[in-house]
Amino acid sequence: MTGRSWRARLAATWGKRRAERQIDEELASHLALAADEFERQGLGREEARREAMLQLGGLEQTRESLRDGIGLPWLENFGRDARLAMRNFRKNPGLALAVTAMMALSIGATASLYSVVSAMILHPLNYPGAGRLVILKEQRSGLDLSRFVGIRLLRELQRGESTMESAGMMGRDANVSGDGLEAERVMCVATQSSLFRVLRANAQAGRLLTERDDQSGAERVVVASHAYWRSRLGGRPDAVGRQLMVDGLPHTLVGVLPASFRLAGLEVTRTEIYVSGLLDESRWKPPLVIAVAVARLKDGATPEQAQAEFQAVANAHPSRRGGASRIGIEYWEEDLARDARPPLSLLSAVAAILLLVACVNAANLQLARGLQRQREFAVRRALGAGSRRIVSQLLVESVLLALAGAFCGWVLAYAGKDLLTGYLSQRLPEMPPVEMDLAVLWVALATGVFAGLLFGLWPACNAVRLDLNEPLKEGSRSSGSRAVRRFRNMLVAAEVGLSLAGMVASGLLLRSLLKLEAVDGGFRTRNVIVGTVDLDRYRYATSERQSEFAAKVLEEVRRIPGVEAAGVSSHIPLGGLVWSMSDIELEGRAKPIPMTEVGVATASYFDTIGIPLREGRGFGASDVRGAEEVAVVDGRFAELYCPERGCIGLRFRHWSDDGRMVRIVGLVGEVRLSPSSERQPTLYRPLAQEGMFHLEFLARSSRQDLRKRMAEAARRADPGQPMHGLEPLEARRAKSLAPKRVMLALVGILGLLALALGAMGVASVLWHEVSQEKRAIGIRMALGADAARILRREMMRGMSTVVAGALAGSIWGWLLAGWMKSELWGIRTDDAGAWLAAWLTVLAAGAAACALPAWMGSRVEVARVLRTE
Amino acid sequence: MSEKQEVWQGTLALMTLKTIETMGPLHGFGIARRIEQVSGGRLLVNYGTLYPALQKLEQEGYIAAEWGFSDNNRKAKFYRLTKAGQRRIKDEERQWAAAVEMVGRFLAEGGSR
């Protein structure tokens, strides 16, 4: 059929009504013309009409046959082929089901897993015109603030004649209470009125922050997120205007954000509140306060122009010690996506492996199906079926299988996505809504369908070219030509290779995770429970009051039966990110030491968490305000800054501007803040001298659950200062590794699925070969080969494919390993353990897959096989 | 022998195309009448098969149709030949000639026996 008639008929199928009307009109015109003719011949009008009707030979039949001609006859053919195909499927359901299942599984798993994980890692911005938002990054001499900008610099940037508006924000926990609201830790974003203008957010109720709120001394106001308003204020419209105590200071709730507003860039929960006064420095203790700063580019402005503009301001305001900062500008969306890219690309690589393996497997099954039916094709051709008909019938079968696979895959993808999302959102409070990644779904569908079609057709084309005699001979083997067999083995080898690459990736991740878990952080986690109190900045303004509170809580905690030790620090390993750094001017050093972590602790802290005292003394009861200022440093600090004569006895000056000197009195062991972090030089100051709002209480006890009692202890000391985040240190450690674990689990699952499918491929090909060779095996056995020998031979045959595949896969694995380098920690990409494990797993799976068909071969009954000849 | 014959299977398409080629755009009734005239009244066109044949030729792109008016001002669907149709006529003529020659040779052989 020409393309043209195809179009014509398709169009006609669409406009069937119209076509039918035209048929009626044409027949009517024919009758009229014929009647005219008869009239000319002298018949009466009525008679002429009747005569014309008669001549047409039945108006209705003609009309019907014309109507039948409108549609597409190939649709009918398709129907016939489809019925035939269904009969075939029913006759041999295993293979059809296997192909469908394979495609569905690969499509479904790939699309759903990818969608869920990408939604978890990628957080696209949902602000109007988000593409024009940029994030500012500051780099000082010797210190990369990564995504942050110091607020002093931010103030200068905003004070200048900037052509674009920028906004800073900083998240922290605050104590929030109010009439009928129990005191509670709430994520509080300190920001500026410009934030909502930059992000183009509008209030759902009341108003958002205004420039007047930014001024110091203005009335303190707070804006609530929709979730906070709903869950804490009952979602009542009259909540606007309510008084809330935020860190002990009265604030007025002036507005509520819409539900669609989600703050990006800070690790915020959804129940957050917003207060103004980010730039009010009197609220912050260390001199370097940093904030996330975002800005909206003017129409037509480029990030380069914005950078130049900001840089000029930064150059005009160098910092006292470090000189001018360098300002970096980047599109916010790109910046957010960067962290997500390496894990996502690794995941897509492994998902692609699974998809490919499944496709190859489906292709292989299709080939096997085709080969099995060579005889059927030959018979049909011998009976006169055109090659076109055979190909078209196979095409229809392949299309049906592909459609079934695609449909099931589609369903599976959505079901899997919902299932996974449901499962995860019960465990992760911040699980974002997951949208199906349609691009991935389509790619998966297209690949699956294409592979199914291609390899469904190949045997058909083969059959058409085939020598008719060969398959018709009685008992001939139909495992196809040598080329086809070689090709099938190559496919299987490719599957094995791909699964090996997946196994290598999983193995490397596993080894990396084991390494991380084995890291000695320099402290103990066993039996240690931690709880956090963020003190009210208003009521606990001085270090005396802060340490008094801490002492009271510790006293209560120690009284709990079973508690062996208890201590406080501002700065514990596995804690949240606490930026508390200072330049240190150490005696005897010309240049100040840039940015050293400064922790605040009680003497009992080191004992509780098991950080050993190496030299000198720890903090004592006499280290109070007014006495000599003291500090202890950790091993890393001593190693870096006073390697020769030791640090003890040295004096230094840090962030306090009053010039107080602090003497180093002790040296303690060093800790890693998280398993994967570098060892940071750290110094500790006693709580009684330095003071701190953020306090982490630790208690060591062999008793199981102390959480309630610790919270109780804090409440007894001051009911307005709730202790939150109570959990065993072990749990925190586990949490810090959770992303790596999830990654490993996902990659591992995908890899194992790929391996399972690959093994199925190996088994099916060998099975097919063995079953085609029963006769040869029978003859060999009759000639004296024993079962063990046959078994060995068949195993060797299968395993040679497996080994060849694994060798090829090693190259892919190597490429993949290089690609996933950033996901690894503490091991090299050629880690012997991981590679060995991957090889062994693949070989074991391959051997298991070969075993059954090989065994089947060795069990051939000689007499039976030879008799059927 | 004036017994009327129906048009043979398979030749209707060729006759239709040829008719349109010689007569120019023509409606279905006209085509049928023309075939009957050319055959000297010996061929009888079955109108019930003519229209499906026209429909098929049109779908396959050998002819195209337009609505127009006949000499006596009747609205009718006029068929004209397309490029593909002209090619088809040539092909069919060649095949027909070959077939006739073959059958002729066959008959001649049979007659000489």
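So you know, we letter chains A, B, ... as the sequences are listed, proteins then strands, and number each from 1. Bear in mind the structure is a predicted one, so any value in this text is a computation, not a measurement.
With sequence neighbours left out, the side-chain hydrogen bond (donor to acceptor under 3.5 Å, both in side chains) criterion links B/Gln37 to no other residue. Annotation: salt bridge (Lys or Arg N to Asp or Glu O under 4.0 Å) contacts of B/Arg87 (sequence neighbours excluded): none. Listed by chain and number, the residues in a ring-ring contact (aromatic ring centres under 6.0 Å, His included) with B/His27 are B/Phe78 (sequence neighbours excluded).
Contact between B/Trp67 and A/Gln22 at its shortest, heavy atoms only, is NE1-OE1, 3.5 Å.
Interface remark: A/Leu31 contributes no atoms to any contact with chain B (heavy atom separation under 4.5 Å).
For chain A, the option among B/Ala65, B/Pro52, B/Ala32 with the highest count of heavy-atom pairs below 4.5 Å is B/Pro52.
Residues of residues 34-47 of chain A that come closer than 4.5 Å to chain B, counting heavy atoms only, are A/Ala34, A/Asp36, A/Glu37, A/Arg40, ordered by residue number.
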